[in-house]
Amino acid sequence: MSSTAVAEARTGPEVDRERDPRGGWRSHWIARVALPAIYLLATAVAVDRIGLPYSQDWIFVWIVGLMLALSIGDGQHTVRRLIKDWLPIIVALLAYDLLRGVADGALFSIHWNAPVHADEVLGLGQVPTIRLQDALYTPGHLHFWDYAAFSFWFSHFFATLLAAVAIWRFRYEWFHRFAACIVVLAALGLATYVVFPAAPPWLAADQGYIDHTYRITHAVVNHLPVPKAGAMFQKGTDWGNDVAAVPSLHAGYTMLICLFLWPRLGRRWRPLLAAYPIGMGLSLMYLGEHYLIDILLGWAYAAGTILIVNWGAEKWTGRNARLRHQIAATSGGPT
């Protein structure tokens, strides 16, 4: 375990002091097992009746419900803590979604050629998306790897928040730093979308900037056995932005999960952690959603986010330590 993880683990007593002292049925193993199981069953029924959720509003509702189901039977996570910990994240990400929707090239011109030129250099003369689709995609006929790539792409809508739920539930001492990483990465991405709106491969192909490129995600969605759920309120162009491509936050958040958990989990988890961002990157290129340069920048933004948050956490910890020392010195107590 790294020094960062060890330092975070020292906050354990603070977690213990916040635990809900109530016992009774909420602490019984039946409550701990049955409530999440019922919730997951209800989720399956909802997906069958309503469809797969893609919008952030439905995902937030589902995540909050999952946390309630997991925490009701657990004595250490109260509803008050749930609101205190998660409301800032939800508000920040909803604000990000809305602001991203209005940062759609209104202030600065859309960059069509720059990502293409970068990918031609990285792809040794050919855009990797075109190379992958020419080799693997058959228009009108989907293969298992099309569904596999779609699964990677779709996992983005849940993976980061599910990782946050798992950390909140089982490693609470890591939670606030991970939550800060989520918000900081969104803010960095949003700032870039405002000043550098850029088109993804499928849109560039539609406008004739690159050769034929298919948006395979739409082809897969149209062949899924369940429909796509409509948004609760995130409807219209105010909540969408087709030119928010640089950096790829699909790639960025998968790398964030990898980099955050890498020093904190055992070595046996590292192959899986490394495989997730690589699989996501390849899928995004193949599906026509992002260029290689978008993905590399997303990974770089994730690394930068980890550095920024760690630096801020160390500054905050040092400041609190100095403050405690000053208070102890003033009161004449032990330092």
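Heavy atoms only: backbone and side chains are in, while hydrogens, waters and symmetry mates are out.
Follow the hydrophobic side-chain contacts under 4.5 Å out from Leu307 and you never reach Leu188; the two are in separate clusters. Follow the hydrophobic side-chain contacts under 4.5 Å out from Trp153 and you reach Leu162 in the same cluster.
The neighbour count for Trp269 CH2, taken as heavy atoms of other residues, nucleotides or ligands under 6.0 Å away, does not exceed 12.
Here the CD1 atom belonging to Ile89 is positioned 12.0 Å from the CG atom belonging to Leu94, to the nearest 0.5 angstrom. Rounding to the nearest 0.5 Å gives a distance of 12.0 Å between OG1 of Thr129 and CG of Asp211. Interatomic distance, Ile130 CD1 to Ile210 CD1, rounded to the nearest 0.5 Å: 4.5 Å.
The two atoms that bring Met285 and Pro128 nearest to each other are SD-CB, 3.9 Å, heavy atoms only. The two residues Val61 and Tyr39 make their nearest non-hydrogen contact at O-OH, 4.0 Å. Looking at every heavy atom in both residues, Ile182 comes nearest to Leu256 through N-CD2, 4.2 Å. Of all heavy-atom pairs between Val194 and Phe108, the closest is O-CD1, 3.1 Å. Residues Ala186 and Leu249 share a closest heavy-atom pair of CA-CD1, 4.4 Å. Heavy atoms only, all atoms of each residue included: Phe152 and Met280 are closest at O-CE, 2.7 Å.
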Criterion ring pair (Phe, Tyr, Trp, His ring centres under 6.0 Å) on His176 and Tyr172, from CA distance to verdict: CA-CA 8 Å; His176 291 98; Tyr172 185 75; 5.4 Å; yes
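Gln133 and Thr213 are not linked by any side-chain donor-acceptor pair at a separation below 3.5 angstrom, with hydrogens and angles left out of the test. For Asp146 and His223, the side-chain atoms include no donor-acceptor pair closer than 3.5 Å. With hydrogens and angles left out, the side-chain atoms of Thr138 and His143 include a donor and acceptor closer than 3.5 Å.
For the ring pair (Phe, Tyr, Trp, His ring centres under 6.0 Å) criterion with His111, the lone passing option out of Phe196, Tyr291, Tyr209 is Phe196. For the pairing with His250, the ring pair (Phe, Tyr, Trp, His ring centres under 6.0 Å) check across Tyr276, Trp299, Tyr301, Phe157 returns one residue only, Phe157.
For the pair Arg270 (side chain) and Trp262 (backbone), a donor-acceptor distance under 3.5 Å is present. Arg131 places a side-chain N or O within 3.5 Å of a backbone atom of Gly123 that can act as its donor or acceptor partner. Under a 3.5 Å cut-off, the side chain of Asp119 and the backbone N or O of Leu292 do form a donor-acceptor pair.
The side-chain hydrogen bond (donor to acceptor under 3.5 Å, both in side chains) test applied to His117 returns no partner, not counting sequence neighbours. For the side chain to side chain contact (heavy atoms under 4.5 Å, CB included) test, residues two or more places apart in sequence or in another chain that qualify with Pro139 are Tyr137, Tyr214.
Arg171 forms no cation-pi arrangement with Phe175, by the criterion of a distance under 6.0 Å to the ring centre and an angle within 45° of the ring axis.
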